[in-house]
Amino acid sequence: MSILRRPLLALLAMLGLMVISVALLRSPEAMGRDLAVPVDSLVEAEVVGVGALPGQPLAVVLLRVEGEADPVAIFVGLAEAEAIARAREDIKPPRPLTHELSLGLLDASGARVERLVVDEMREGAYLAAIELRLRDRRQPVWVDARPSDGLALAIRHQATILLSPQVIEAGTSLDPGSGEPDATLTGRGRAGLRL
């Protein structure tokens with residue numbers, strides 16, 4: 001029972017948050033926080049790699065930003081890394097897992113992920129917001145999100161991924177210092193990454 005309990009609780013929590021978020025139809029100002037930077041200062045990024053960190057319960061997502069020599073790195077949990085990798089490779093599991101279920105709910109409700117904005121780093125963790133487009137609303141809906149969940153959803157919907165200058169600066173130095181999902185990397189070494 002305990003093996004099933006954790007994924008079931010995670011699924012229920014995600015579903016509850018998703019239903020509440022979409023039901024509230026939030027604007028950027030009403031999602032619980034304002035975006036940390038103006039939208040016009042954001043830079044487009046592309047996911048170029050997902051890899052596990054040997055000996056760590058974490059993985060790293062690498063994003064390419066035009067004009068940057070180093071990729072931007074965001075640490076994520078292993079389950080989220082698997083969801084991002086499945087999305088990148090367009091692999092559909094036989095039964096929907098949490099992110100696939102979330103996408104199914106969005107699709108069934110007529111919502112589409114337009115953009116993922118990773119706009120801030122606070123206390124060693126990145127913050128993100130998902131811009132949803134609903135078929136019966138002119139204004140987009142903004143939902144506060146973890147970057148890892150947002151990346152899995154954005155990739156499946158072929159949504160634009162945008163990063164703030166602060167996130168680009170923080171994420172181009174590598175070292176799994178905090179050991180927390182959605183954290184930054186500091187230092188320049190990439191040794192040990194399994195992509």
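Quick note: numbers below take in every heavy atom, side chains included, and nothing from hydrogens, waters or symmetry partners.
In this structure, L116 CG and L162 CG are separated by 8.0 Å, a value rounded to the nearest 0.5 Å. Remark: D144 CG to L127 CG distance equals 7.0 Å, nearest 0.5 Å. To the nearest 0.5 Å, atoms CG (D149) and OG1 (T98) are separated by 9.0 Å. Interatomic distance, CE of M121 versus CD of E169, reported as 9.0 Å (0.5 Å rounding).
Taking every heavy atom of both residues into account, A83 and H99 meet most closely at CB-ND1, 3.3 Å. Considering every non-hydrogen atom in both D119 and D34, the closest pair reads OD2-O, 4.3 Å. Heavy-atom minimum distance, V167 versus V118: CG2-O, 3.6 Å. In plain terms, the two heavy atoms of R88 and G49 that are nearest each other are NH1-CA, 3.7 Å. Taking each heavy atom of I84 and S148 in turn, the nearest pair found is CD1-O, 3.7 Å. The minimum heavy-atom distance between Q139 and R133, with the atom names listed, is C-NH1, 4.0 Å.
Residue pairs satisfying the salt bridge (charged side-chain N to carboxylate O under 4.0 Å, His left out) criterion with at least one member in residues 101-110, sequence neighbours excluded, are absent.
Listed by chain and number, the residues in a side chain to side chain donor-acceptor pair (under 3.5 Å) with R86 are E100 (sequence neighbours excluded). In this structure, E68 has no salt bridge (charged side-chain N to carboxylate O under 4.0 Å, His left out) partners at least two apart in sequence or on a different chain. The side chain to side chain contact (heavy atoms under 4.5 Å, CB included) test applied to A59 returns V76, L78, A81, not counting sequence neighbours. Take P94 and apply the side chain to side chain contact (heavy atoms under 4.5 Å, CB included) test, not counting sequence neighbours, and it matches no residue. Considering only residues two or more places apart in sequence or on other chains, R122 meets the salt bridge (charged side-chain N to carboxylate O under 4.0 Å, His left out) condition with E120. For D90, the side chain to side chain contact (heavy atoms under 4.5 Å, CB included) partners two or more places apart in sequence, or in a different chain, are K92, R156.
A heavy-atom distance below 4.5 Å is found between the side chains of P140 and E131. Put simply, the side chain of L63 reaches to within 4.5 Å of the side chain of I161, judged on heavy atoms. Between V72 and L163 the shortest side-chain heavy-atom distance falls below 4.5 Å. With a 4.5 Å cut-off on side-chain heavy atoms, R146 and E80 count as touching.
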Going by atom type alone, with no hydrogens or angles, which donor-acceptor pairs under 3.5 Å involve a side-chain atom of residues 35-45 and a protein atom two or more places apart or on another chain?
from: S41; atom 1: OG; to: P38; atom 2: O; distance (Å): 2.8

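For H157 (side chain) and V113 (main-chain N/O), a donor-acceptor pair under 3.5 Å exists by modelled atom type. Under the 3.5 Å distance criterion, the side-chain polar atoms of Y126 are left unmatched by any main-chain donor or acceptor of F75.
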### Query
Step by step, would you call R112 with L106 a side chain to side chain contact (heavy atoms under 4.5 Å, CB included)?
CA-CA 6 Å; R112 179 144 189 86; L106 288 172; over 6 Å; no
